[in-house]
Amino acid sequence: MNAHDLLQSVFGYPRFRGEQAAIVSHLAAGGDALVLMPTGGGKSLCYQIPALMRPGTGVVVSPLIALMHDQVAALRELGIPAAYLNSSLSAAEARAVERAFLAGELKLLYVAPERLLTERFLDLMTRACLALFAIDEAHCVAQWGHDFRPEYLGLNVLHERFPGVPRIALTATADALTRQEIVERLDLKAARVFAASFDRPNIRYRIEEKMDGRRQLLGFLREHPGEAGIVYCGSRRKVETVAAWLSDAGLPALPYHAGMDAETRRQHQDRFQREDGLIMVATIAFGMGIDKPDVRFVAHLDLPRSVEGYYQETGRAGRDGLPAEAWMLWGAGDLAAQRRFIDTSEAEAAFKRVAHAKLDALLALVETAGCRRQALLAYFGEASPPCGNCDNCLAPPRLWDATEPARKALSAVYRTGQRFGAGHVIDVLLGRETDKVRAWGHQRLSVFGIGGELDERRWRGLLRQLLLRGMLATDHEAHGGLKLTEAARPLLRGEETFMLREAAERPQRTRDARRAPASPASGAEALFERLRAWRRQLANDKGVPAYVILHDSTLRAIAEQRPDSLAALAAIPGMGARKLEAYAAAILEVIEGVTPPA
Ligand code: ADP
Ligand code: ZN
């Protein structure tokens with residue numbers, strides 16, 4: 001069968017996405033490929049379909065056991081003979097898989113890298129018929145990356161021992177350095193590179209200033225009832241408390257961090273993967289290897305370390321291409337804490353400079369009044385127009401010219417001797433004769449009482465912005481007093497203007513807009529819920545994650561189109577031959593059981 005027929009009949013999708021078609025035909029024809037595609041871009045099909053087209057077995061190297069299990073379960077659901085070899089199998093089970101492999105009974109075999117590199121398995125492969133090698137999460141070979149896996153360094157042996165077998169390396173980690181390391185270490189100099197755009201158009205980015213974190217989070221979660229999502233926190237303790245109060249608030253939340261025992265962690269990850277609508281409250285220890293397609297939101301309650309980190313974490317939302325949200329709260333206090341953490345660490349000066357620069361880039365993203373996506377993609381070297389699907393595009397923030405107040409604040413800091421914190425400086429600006437003001441004689445300064453145009457809250461906001469933009473600095477050696485920096489000069493000399501965002505009084509509601517395209521008549525919503533319940537039951541019986549049965553996107557399409565025949569059902573994306581055979585009758589029954597709206 002050709003690639004397109006396989007896509008339709010086996011996977012039930014009408015067309016390839018982006019570069020998939022080109023990658024599939026390149027690989028099927030025996031070429032090597034390096035595929036850079038964002039999470040959710042559809043990397044798996046790029047090697048699964050060529051493996052079906054070529055004689056023999058496609059051997060897939062994957063670092064994550066849980067991921068292998070779900071991929072293999074999903075392939076079997078599609079009627080594709082697939083298996084895995086990793087430490088979770090007993091010796092007898094492993095032997096059975098090896099026999100099937102040698103007998104040519106498998107189309108896809110997932111293998112952990114340490115297993116692949118054993119002499120025993122290398123020898124086995126010389127006796128088997130090999131369709132291709134797929135190296136998933138190829139960035140694990142990069143020694144400077146945070147996912148480095150030493151076993152990946154041995155994978156160039158595949159090329160040496162099996163030069164005639166095409167190889168495809170895949171990753172969602174984009175930066176140039178990592179790309180170069182992959183090419184060199186995996187010996188892929190002759191491979192064709194397929195680099196997709198890293199844009200994730202279905203993810204809506206929203207960034208808000210932290211005011212009342214709990215209330216803001218609850219408000220956000222209320223926009224996602226019954227949906228699965230991840231809430232990232234900056235510390236283990238915070239994970240515990242947030243998970244506890246969400247549970248108290250009646251929300252299905254589970255904690256996850258590296259300090260928990262391995263068994264509980266595994267259980268929580270498993271439940272998140274398998275059950276519908278759980279909220280995982282976690283540190284960044286959670287995420288790698290989660291390929292749950294229907295994560296509807298990722299919330300950050302604390303600032304991530306870098307834009308790369310933010311993009312990787314938010315990328316776990318919306319792999320299925322349906323609308324998803326990345327929502328972040330940030331506070332100036334967190335930022336100051338991270339700066340202090342970097343400054344007081346034992347690291348080398350060069351490392352500290354990099355860490356500060358990464359924080360600056362993140363700050364620019366947080367502060368921008370322009371399109372968030374544009375800023376994000378620009379960071380990864382990709383130009384793009386404003387997206388229309390981020391908070392700033394949807395509700396452009398208003399700016400006001402704060403040049404004059406900013407100059408007043410800077411001179412108040414200067415005239416009071418660059419040794420006081422924000423509270424005292426504001427007292428002086430507002431002309432408050434406190435004891436401290438009198439003790440220092442500050443009521444006699446020319447700046448005393450010149451700041452009547454703003455109230456205390458807005459002065460605080462302004463000083464924070466001056467700090468954030470580096471025009472003021474906190475003097476940690478001198479009790480945290482504020483002092484001027486070089487960067488303040490142009491503003492003081494009147495050579496620069498200082499624009500500020502109008503603080504959002506209330507976080508804006510975006511649910512209605514977000515749901516609009518997908519929001520069908522209420523009858524469809526009811527049908528969708530019924531289909532989900534049916535799927536949950538079935539997934540439970542089979543012991544597989546719900547999305548392995550059918551994806552949310554497929555259920556949504558069914559709920560909206562209400563197919564009333566086998567033929568109509570077959571036209572729904574995601575309903576391949578095997579799924580039709582197994583589920584068509586039950587699905588049509590569920591549809592009949594839910595009356596359409598009058
Ligand atoms: P990645 O590994 O790149 O994160 P996956 O291979 O898991 O992405 O695919 C992401 C989702 O997109 C899956 O749910 C997959 O079934 C779906 N998908 C992939 N290719 C297509 C396609 N051509 N048409 C429709 N859905 C697709
Ligand atoms: Zn935008």
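Whatever order the structure lists ligands and atoms in, that order sets their numbers, starting from 1. Start at 1 with the first residue, then count along the sequence.
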Undergrad: Tell me, please: is Gly41 in heavy-atom contact with ligand 1, that is, under 4.0 Å?
TA: yes

Undergrad: Would you check whether Gly40 has a nitrogen or oxygen atom less than 3.5 angstrom from a nitrogen or oxygen atom of ligand 1?
TA: yes

Undergrad: Taking 4.0 Å as the limit for heavy-atom contacts, which would you say applies to Pro38 with ligand 1: side chain only, backbone only, both, or neither?
TA: backbone

Undergrad: I'd like to check which ligand 1 atoms, numbered from 1 as shown, lie under 4.0 Å from a non-hydrogen atom of Arg15.
TA: 22 (C), 23 (N), 24 (N)

Undergrad: Does ligand 1 have an atom under 4.0 Å from some heavy atom of His551?
TA: yes

Undergrad: Using distance alone, determine whether Leu45 and ligand 1 share an N or O pair under 3.5 Å.
TA: no

Undergrad: Might you point out which heavy atoms bring Gly229 and Phe272 nearest each other, and give the distance in Å?
TA: O-CE1, 3.4 Å

Undergrad: Within a distance under 4.0 Å of any heavy atom of Phe16, pick out the atoms of ligand 1 and give their elements.
TA: 23 (N)

Undergrad: Does Thr39 have a heavy atom less than 4.0 Å from any atom of ligand 1?
TA: yes

Undergrad: Answer yes or no for Ala172: is there a heavy-atom contact with ligand 1 below 4.0 Å?
TA: no

Undergrad: Which N, O or S atoms belonging to the protein are less than 2.8 Å from the Zn ion (ligand 2)?
TA: Cys371 SG, Cys387 SG, Cys390 SG, Cys393 SG

Undergrad: Of all the atoms in ligand 1, which lie at a distance below 4.0 Å from a heavy atom belonging to Ser44?
TA: 2 (O), 5 (P), 6 (O), 7 (O)

